[in-house]
Amino acid sequence: MKLGIITILLAIILALISCLPAMAQTSGNITITMTGAKEFSINLTPANWSFGTVSPDMTNETDPTQFTLTIDPTSNCNVNTFITADDAVCVYDSTYVWTLSSDGNNGERVYVLWFKGWDMGDYIQITKELTEFCSISMAPGDSNQFGLRLLTPQPDFTKGGTDYFSVGNATMQTHVTISAVAA
Amino acid sequence: MVPQSKHLVYLAVFLLIVIILFPFPAQAQNFSVSPMEIKIDNLSPGGEAQFNLTIRNKEDVNHVFALTTHNPEESERREGRAKFPDDSWISFSSRKVSVEANSEAKTKVTVAIPANQKWAGKDWEIWLRVCPEEREFLVVNYYIRLLVSTGGEVEAGTNVGVVIGILVGILLAACVVYYFYFRRKAKPKHPEAV
C-alpha cells in the first residue's frame, strides 16, 4: 500500500514538472519602448505643381528652389528622408499611362524624373524605390529646397515630321513622395 | 489732408493686390505620427505584443490614412537588425484610419510571432508606413521603425501546457491506482497448506 501512495505522488510530481516550463513563460517580461512621444512631422510646399504643356522627348525643369521640405521644429529627433515617384496616369483616360523609368532612359510611354537639392551638383534620378533625398539626416527646423527635371516619353507617333502623343491636350498626373523615418 | 476713410480704402486695395499676387503656398498634407520608433524586447515565439499609433491631422478637412508595412534595405536598418521574416505577423486594427479635421486617431498594431524555436533570439526591423489616401503632386509619407527582439524560448501557451500536464498526471495516477489497488485485490490469495 505504501508503494502505491509513493507511486501516486511520483506521478503527480511528474505532471507538475511537465507544467512548469509553460507556467514559467508567463512570468517573462515583454518590454515595449516607444521613442519620441512628441511629434514626427515634415512640411512640404507647394503641394501642387504643373510643368505646363510638354512635348514628346523633351526635358523640362522647375526652378531649383521650387519646392521646400522642412522638418517641423517640434520633432524631437533627426530624420532620414527619401524620395519616390509613381507612373503618370492620364486624368481623362486611366488606360493611358507613362511608366516611370528605372534606368534613366525614356522610351515610348516611359518618362524620367530627377531631383536636385539647391546645394547639389547633379540631378539624381527618382524611381519607384526609396532613394535617399538628403545625404545627411535633417534636424528639427532644418529645411531643404529642391527642383525637378522631367524627360517626357518618346512620341507615340509622328505625322508630317511632327511628334505626337496619342492623347493630345490631355493632363498627365503623377505623385512625388517624400518619406521620413527617424534617423 | 486725405480723409481717414480714404486711407482705409487704399489699405484694402493694397491688401487685395498683395493677397492676389502672393497666394499662400498650398502645403502637402500636414499631419504627424507618434511614436516614431517602437522597440519590442523579449517577445517569445508564440507570443504577441500590442501598441498604439497616433495619427494627428493638422488640417481643417478630414483625411483618411493608409497603413502598410515596408521592409527596408539593409543599409537603412539599424546595426545588427535583420529583415523581418514575414509581414503577415503584423496586423493593424484597421488598415485605413479616418481622422477628422484638427484631431487625432489611434490605431492598434499587433505583432505576433509564430511558436517555432527557429524564431527565438532574433533581432529584426521593419517599418510601418502611414500615407494619406488623397494625394496631390507632392505627397508626404511617414515610416515608423519597429524593432523586434525575440526571447530565447518558445512560449507554448499556459493553458495548453497546464492541460497537457494535468492530463498526463491523471492518466499516470489512474494507472497506478488500477495496478496497486484493483489488480492486487483481484489476485487470489495463496491457498493455505492443508
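Proteins come first, then strands; the chains are lettered A, B, ... in the order of their sequence lines, and each starts at number 1.
Of all the heavy atoms in A:C77 and B:M36, the pair that sits closest is SG-SD, 3.0 Å. Across all their heavy atoms, B:E37 and A:A182 have their closest contact at OE1-CB, 4.3 Å.
For the atom pair CD1 (A:I178) and CG (B:L138), the distance works out to 7.0 Å, reported to the nearest 0.5 Å. Rounding to the nearest 0.5 Å places CG of B:N30 at 10.5 Å from CG of A:L44. Going from atom OG1 of A:T177 over to atom CZ of B:R135 covers 5.5 Å, rounded to the nearest 0.5 Å.
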Give the C-alpha distance, both sets of side-chain angles, the deciding distance and a yes or no for side chain to side chain contact (heavy atoms under 4.5 Å, CB included) between B:K58 and A:D72. CA-CA 12 Å; B:K58 298 178 179 177; A:D72 196 296; 3.8 Å; yes

Run the numbers on A:L130 and B:H70 for side chain to side chain contact (heavy atoms under 4.5 Å, CB included), then give the verdict. CA-CA 11 Å; A:L130 292 180; B:H70 170 78; 3.5 Å; yes

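A:L148 is connected to A:L150 through a chain of hydrophobic side-chain contacts under 4.5 Å among Ile, Leu, Val, Met, Phe, Trp and Tyr, so both are in one cluster. Both B:W89 and B:I38 belong to a common hydrophobic cluster when Ile, Leu, Val, Met, Phe, Trp and Tyr are linked at side-chain heavy-atom distances under 4.5 angstrom. Each of B:I90 and B:W127 belongs to its own hydrophobic cluster when Ile, Leu, Val, Met, Phe, Trp and Tyr are linked at side-chain heavy-atom distances under 4.5 angstrom.
One N or O on the side chain of A:H175 and one on the backbone of B:E136 form a donor-acceptor pair closer than 3.5 Å. Formation of a donor-acceptor pair under 3.5 Å by the B:Y142 side chain with backbone atoms of A:I42 is found in this model. With hydrogens and angles ignored, the 3.5 Å screen pairs no side-chain donor or acceptor of B:R145 with any backbone N or O of A:V181.
At a 4.5 Å heavy-atom cutoff, A:L69 makes no contact with chain B through either its backbone or its side chain. Proximity to chain A (any heavy atom under 4.5 Å) is restricted, for B:E76, to the side chain, taken from C-beta onward. If you measure heavy-atom distances from B:R129 to chain A, you find no contacts under 4.5 Å at all. Looking at A:I83, neither its backbone nor its side chain comes within 4.5 Å of chain B, counting heavy atoms on both sides. Neither the backbone nor the side chain of A:A88 comes within contact range of chain B, judged by heavy atoms closer than 4.5 Å.
Using bins of under 30°, 30° to 60° and over 60° for the plane-to-plane angle, the ring pair B:F137/A:F51 lands in the perpendicular bin.
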